[in-house]
Amino acid sequence: MSKPIPGMLTGDQALERLIEGNKRYAMSRQKHPHQGPTRRAELCGGQNPFAVILGCADSRIPPELIFDQGLGDLFVVRVAGNIIDDVVLGSIEYAALHLCTPLIIVLGHSQCGAISATVQGEEFEGHLSSLATAIQPVLNTIQASPGERVDQTAKANAKMISEKIRQSTPVLSRLVGEAGLKVIAAFYDLDTGLVEILI
């Protein structure tokens, strides 16, 4: 792991900063930090994001906006259903190992299209079937009414992915154990604009 960056937040501090930003967003009191020319100039020399967000590709869930953060604050990886594969893990490892990012959030959300389609057993064309294949195992564990099934599956999926990240060898599991890397699951509600911490 790279040498820790002086003044870098801890995982708990990073999470608190994100929660505060999300509350501002939900109340329409955003500060829009780190978005001007001075910040752009600062970042020409490198980046030091304080959190990794593994989120869904859904256009309604842009992490920088819903957490009220700016340029260089978040290392964002987005893929439909916030699922992981080796490429996604490699991106997360880069941030944790080389940028010393202390926090990883797996961010599920309400009304997720990839999860909804899997729950409803829709026919997938082309590579879309790979999404259903990744989501199906968690769907099999959900005991909820039909109306709640999509959001409950999204929450369970975020928890499952966060656990896979914690246990991912050789890099992330080591950083969790030795460097205090914090990995959590969270859920964004489209109606309220609020993020719920799951684990």
Side-chain angles (χ1 to χ4, degrees), residues 2 5 8-26 30-36 39-40 42-115 131 134-135 154-155 157-162 164-166 168 171-172 175-176 181-190 193-199:
S2 299
I5 299 161
M8 186 59 139
L9 300 176
T10 66
D12 288 334
Q13 290 169 333
L15 180 58
E16 182 178 344
R17 183 166 161 183
L18 289 178
I19 291 171
E20 289 173 357
N22 175 245
K23 288 178 181 176
R24 292 194 303 270
Y25 167 79
Q30 299 96 312
K31 293 182 178 178
H32 305 289
H34 301 149
Q35 296 181 18
R39 181 62 166 178
R40 286 200 312 270
E42 289 172 355
L43 292 170
C44 288
Q47 60 174 321
N48 302 122
F50 69 87
V52 176
I53 309 293
L54 171 57
C56 184
D58 192 304
S59 64
R60 300 168 293 178
I61 323 323
E64 291 88 351
L65 295 183
I66 67 171
F67 287 113
D68 192 26
Q69 302 302 316
L71 296 172
D73 291 332
L74 305 179
F75 191 93
V76 178
V77 182
R78 296 180 72 178
V79 60
N82 49 273
I83 58 177
I84 57 170
D85 60 14
D86 286 347
V87 174
V88 170
L89 282 170
S91 296
I92 294 170
E93 287 175 354
Y94 175 77
L97 188 62
H98 296 286
L99 303 178
C100 302
T101 307
L103 172 67
I104 299 169
I105 293 184
V106 180
L107 184 63
H109 69 94
S110 62
Q111 304 174 40
C112 179
I115 288 176
L131 298 175
I135 295 167
K155 290 179 179 182
N157 183 58
K159 291 177 183 178
M160 180 187 73
I161 297 299
S162 68
K164 285 184 177 181
I165 290 171
R166 275 188 217 94
S168 177
V171 174
L172 297 173
L175 294 179
V176 167
L181 176 65
K182 189 176 186 73
V183 183
I184 67 167
F187 181 81
Y188 175 74
D189 189 308
L190 284 170
L194 289 170
V195 173
E196 172 190 358
I197 303 304
L198 302 174
I199 56 170

Report yes if some heavy atom in the side chain of Phe75 is under 4.5 Å from a heavy atom in the side chain of Gln47; otherwise report no.
-> yes
List the atom of Gly193, the atom of Ala26, and the distance in Å for their closest heavy-atom pair.
-> O-CB, 3.9 Å
Can you tell me how far NE2 of His32 sits from CD of Glu64, rounded to the nearest 0.5 angstrom?
-> 13.5 Å
Specify the closest pair of heavy atoms between Gly55 and Asn82, including all atoms of both residues, with the distance to one decimal.
-> C-CB, 3.7 Å
Which pair of heavy atoms, one from Ala80 and one from Leu131, lies closest together, and at what distance?
-> O-CD2, 3.6 Å
Is any side-chain heavy atom of Ile83 closer than 4.5 Å to a side-chain heavy atom of Ile135?
-> yes
More than 12 heavy atoms of other groups within 6.0 Å of Asp86 CG = no
Compare all side-chain heavy atoms of Val79 with those of Leu54 and state whether any distance is below 4.5 angstrom.
-> yes
What is the distance from atom OG of Ser110 to atom CG of Leu194, rounded to the nearest 0.5 Å?
-> 11.0 Å
Distance-minimising heavy-atom pair for Val52 and Ala95 = CG2-CB, 3.5 Å
To the nearest 0.5 Å, tell me how far Ile165 CD1 sits from Ile105 CD1.
-> 11.0 Å
Give a yes or no answer on whether the side chain of Arg166 reaches the backbone of Val176 with a donor-acceptor pair at less than 3.5 Å.
-> no
Can you check whether Val183's main-chain N or O pairs, donor with acceptor, with Ser162's side chain at less than 3.5 Å?
-> no
Can you tell me which residue pairs pass the salt bridge (charged side-chain N to carboxylate O under 4.0 Å, His left out) test with a partner in residues 42-59, sequence neighbours excluded?
-> Arg39-Glu42, Asp58-Arg60
Got a second to check how far Asn22's CG is from Glu196's CD, nearest 0.5 Å?
-> 11.5 Å
Enter the distance from Gln30:CD to Lys23:NZ here, rounded to the nearest 0.5 Å.
-> 15.0 Å
Under 3.5 Å, is there a donor-acceptor pair between the side chain of Asp68 and the main chain of Lys31?
-> yes
How far does SG of Cys56 sit from CD of Gln111, to the nearest 0.5 angstrom?
-> 12.0 Å
Test applied, side-chain contact (heavy atoms from CB on, under 4.5 Å); reference residue, Pro49; option that passes from Leu103, Leu99, Asp73 = Leu99
Between Ile197 and Leu15, is any pair of side-chain heavy atoms under 4.5 Å apart?
-> yes
Quick one: does Val195's side chain get under 4.5 Å of Phe67's, heavy atoms only?
-> yes
Kindly indicate whether the side chain of Leu18, heavy atoms from C-beta on, has any atom under 4.5 Å from the side chain of Leu74.
-> yes
Between Pro102 and Ala14, which heavy-atom pair has the shortest distance, and what is it?
-> CG-CB, 4.4 Å
Nearest heavy-atom neighbours spanning Arg78 and Ile61 | NH2-O, 3.3 Å
